[in-house]
Amino acid sequence: MVTTPAPVDCLRELTRNMWWCWNPDIWQIFSSIDADLWRETNQNPIAFLDGIDDDVLQERVRRGALTSRIRQALRRQRNYVAASGPQANMLAGPLHQAPVAYFCAEFGLHESLPIYSGGLGVLAGDHLKAASDLAVPLVGIGLFYAEGYFQQGIDENGQQREYYGRTNVDTLAIRKLTDDGGEPMEINVELAGRTITMHVWQAPIGRSSLYLLDCDVESNADEDRRLTTQLYGGDQRTRIRQEVLLGIGGVLLLERLGIRPGVYHLNEGHSAFATLELCARLMEQEDVAFEEARNRISKKTVFTTHTPVPAGHDRFAPEMIDEALDSLRQRLRLDLRQFHGLGRIDLDDPDELFCMTVLAMKMSDYRNGVSHLHGQVSRRMWSDLWPQHREAEVPIRHVTNGVHVSSFLAGQMKSLYDRHLGPDWMAHMEEPEAWAGLADVDPGELWETHQVLKARLLDFVKHRVATQDAPGGDKSGQIVPGSGMKQEILTIGFARRFATYKRADLIMRDLDRFRGLLGDEERPIQLIYSGKAHPADENGQALIKRIVERTTDPEFFGRVVFLSDYDMNIARHMVQGVDVWLNNPRRPQEACGTSGQKVVLNGVLNCSVLDGWYAEGYDGKNGFAIGDGREFTVPEKQDAHDSDALYRVLEEEVLPLYYEIGSDGLRRAWIERMKWGILSLGWRYNAQRMLLDYLHNAYLPAVGATTAS
Ligand SMILES: *Cc1c(COP(=O)(O)O)cnc(C)c1O
């Protein structure tokens, strides 16, 4: 006889697979049990269960009549994990024997596992989730950073402060792998003449797994124990060591686990040393020369480059390469010139630094940028690597990024979709037809859903402003940030890393015009900002300061807010609740940008420079364009041109459309645009479409399978 587990045990079991983090109906269960605790534990279900008394929990479950919902959620989870999956199970063919090993320096799955800093990590998390949904065999390889990326506070002067706290692993669905004797499994990597031992954390991500290497092992020297403590912390030497540990350690780990990947996907160049370790092993096992090893390894290697911004490409001095990797060089039987040449465009230029992107380009047969435009830009940027090719024929293609729908689509909006599209639409979400039913949605219904989400965001903002580590008012206590915000006012969101090319303050370039927009009697705007600047990026921090100062300046009516400590939780609230998402990078530096894709799902309109994904997605009716994609060589000129274009599109298009309210109280033209945004973009810019593109254009060809499409 099967006994039915108690609800508490069901909840515990539910938390052991990170599947919960893309199933908002499970969060609703926790939130109905105790909304405050759910928020205080940062939406972490394990911390939540630790923090609530079992009797209280049982009583709340009973009182809320939650038992059947809990049991049903667990049933869904068990079915999901056990089922070998939908159509892709068939499509993935040979990958079942030889899965994809997906390497990345950061993974953003949920705010409770803070081992991401921005778009790259969130994309990697989305990739894992989509692979799980489609049952494409794929394992993630990364590093475990006990202190993660920093937490952000803002002092009275608007200066960013950085704090580091250790993540409590007991509150995460990750566990340390053990060997046959029950001791922690050890991965030993040779680095700079010594051996570094790493332990391995495994996190179940639906049907996929994420493995995270961790240097914090007693037998290591103190300095080495700290190598993986922080993401993107430390100096160049820390960086190269982390990259050796990720790339080479990752290969050793896969071997230790008995996983024989058919494809190695290097997501960004950080992990590119993996390919060299693979070559060395092949040379040792089969006694082949380096060139042959390289040919065979590169056939299985996919490399995705993520940015044209120079600072985004790690470059190391040759001495640093020698210090970290001399024994690997010897195993590869390469002389210094040949070895350094793997990271150089010109092998004979001793001043050229060793570039991880160059190494990755040279060691992979499948290379891609992350949008149509970024593909072009990358071909131009790296054309010197293929001097015999014309620029258009440089072998770098593109797969445009997409976002994981269940992770960013608001629950209320999903219910609306389910009502109109049927329960099965997500299985086919990469097809336009799957979304077509939304054309018939009643404008009032869509608007009402959006209003609910907007109200929720404004509530969230109010709560954050009152509790966050940032200036809570001006010196006289008159102006509290956000005090002038209202449900009826057009709300613009801007949240992302504060890299200077993203120009967070572009809308403030002409302060009089900016003030005019905020304070307009009939058609005002209000702005919500959030984002971290890298601790070493002083210009990015200056941008934050500039914005924070406006939040308490009476001249700006309390209509500018900065939410400190940007994370996936803030991101979700913002992309679900604003009216307009502002994106104004210096084209063509935003390789793709994904936050604008998250807002599309929720009926929010993009107002964006024609860069990244939007350059290919915008059709004149599914959002708003800032300028016409013109590029300047002088940044000042570009900024002047683009800020003018920004004011113009706001004054002439966005505001008139938003504030055009019909006699029935509805903004029909605006709602039409919301609908067309979802219909024309939703099917294309999701992670399922992205994963299928990688499957057909890279993964299957790399394992030698022919593909039907
Ligand atoms: C989506 C996301 C990003 C990426 O945003 P971009 O617009 O691509 O810069 C960064 N951080 C978080 C927390 C996100 O959710």
Side-chain angles (χ1 to χ4, degrees), residues 21-22 42-43 104-127 129-130 148-152 231-232 267-268 304 306-309 312 369-371 373-374 400-410 492-504 506 528-534 537 540 543 563-578 580-602 604 606-609 611-615 617 623 685-687 690:
C21 80
W22 66 98
N42 200 22
Q43 299 76 237
C104 194
E106 47 172 312
F107 285 91
L109 290 146
H110 185 259
E111 56 271 21
S112 59
L113 182 55
I115 55 169
Y116 62 93
S117 94
L120 178 69
V122 176
L123 179 84
D126 282 3
H127 199 96
K129 292 169 180 173
Y149 199 53
F150 71 93
Q151 284 147 265
Q152 179 196 53
L231 168 62
Y232 304 144
N267 197 43
E268 238 340 329
T304 304
H306 282 268
T307 181
V309 178
V370 289
S371 69
L373 178 61
H374 180 232
T400 304
N401 289 340
V403 294
H404 187 253
V405 171
S406 308
S407 299
F408 294 102
L409 175 63
I492 300 180
F494 183 103
R496 42 182 57 89
R497 290 184 304 114
F498 269 53
T500 41
Y501 78 85
K502 297 188 187 241
R503 298 186 296 189
L506 191 73
I528 305 172
Y529 285 94
S530 193
K532 298 175 181 179
H534 188 276
D537 180 5
L543 285 176
L563 304 180
S564 69
D565 206 23
Y566 185 48
D567 68 355
M568 291 180 74
N569 181 38
I570 295 183
R572 269 194 317 274
H573 279 91
M574 288 183 66
V575 302
Q576 294 172 358
V578 298
V580 168
W581 194 250
L582 180 62
N583 178 46
N584 46 226
R586 258 182 218 129
R587 177 176 150 134
Q589 299 192 58
E590 191 64 85
C592 179
T594 50
S595 56
Q597 303 173 342
K598 299 169 191 166
V599 310
V600 161
L601 303 170
N602 294 293
V604 174
N606 278 281
C607 179
S608 170
V609 163
D611 195 8
W613 75 278
Y614 202 60
Y685 297 103
N686 64 70
M690 168 177 75

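Remember, it's 1-based here, ligands and their atoms both numbered in the order they're listed. For reference, positions follow the sequence shown, starting with 1. The figures here come from the full heavy-atom set of this structure, side chains too, leaving out hydrogens, waters and symmetry mates.
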Atoms in ligand 1 with a heavy atom of Val122 nearer than 4.0 Å: 12 (C), 14 (C), 15 (O)
Closest heavy-atom pair and its distance - Ser117, Leu231: N-CD2, 3.6 Å
Residue part near ligand 1, for Ser595, under 4.0 Å between non-hydrogen atoms: both
Contact partition for Ile570 relative to ligand 1, non-hydrogen atoms under 4.0 Å: neither
Atom 11 (N) of ligand 1: the protein heavy-atom neighbour that sits closest, reported with distance to 0.1 Å: Tyr566 CE2, 3.4 Å
Under 4.0 Å to a heavy atom of Gly593 - the qualifying atoms of ligand 1, by number: 8 (O)
Atom indices of ligand 1 within 4.0 angstrom of Asp567 heavy atoms, with elements: 13 (C)
Sub-4.5 Å side-chain heavy-atom contact between Trp581 and Val600: no
Which residue and heavy atom of the protein sit nearest atom 4 (C) of ligand 1, plus the separation: Gly119 CA, 3.4 Å
Ala571: numbered ligand 1 atoms lying under 4.0 Å from its heavy atoms: 15 (O)
Donor-acceptor contact below 3.5 Å, side chain Asn584 vs main chain Ser608: no
Nearest-0.5 Å distance that lies between atom CG in Asn401 and atom CG in Asp126: 9.0 Å
Minimum heavy-atom distance Asn267-Ala124, with the two atoms named: ND2-CB, 4.1 Å
Thr594 contact mode with ligand 1 (heavy-atom cut-off under 4.0 Å): both
Numbering as shown, the atoms of ligand 1 that approach Lys502 to under 4.0 Å (heavy-atom distance): 9 (O)
Heavy-atom closest pair, residues Gln43 and Arg572: NE2-NH2, 4.3 Å
Any side-chain donor near an acceptor of the partner, Ser407 and Lys129, under 3.5 Å: yes
Option among Arg587, Arg586, Glu590 that satisfies the side-chain hydrogen bond (donor to acceptor under 3.5 Å, both in side chains) test with Tyr501: Glu590
Residue Arg496 vicinity, atoms of ligand 1 by number, heavy atom under 4.0 Å: 7 (O), 9 (O)
Lys598 contact mode with ligand 1 (heavy-atom cut-off under 4.0 Å): side chain
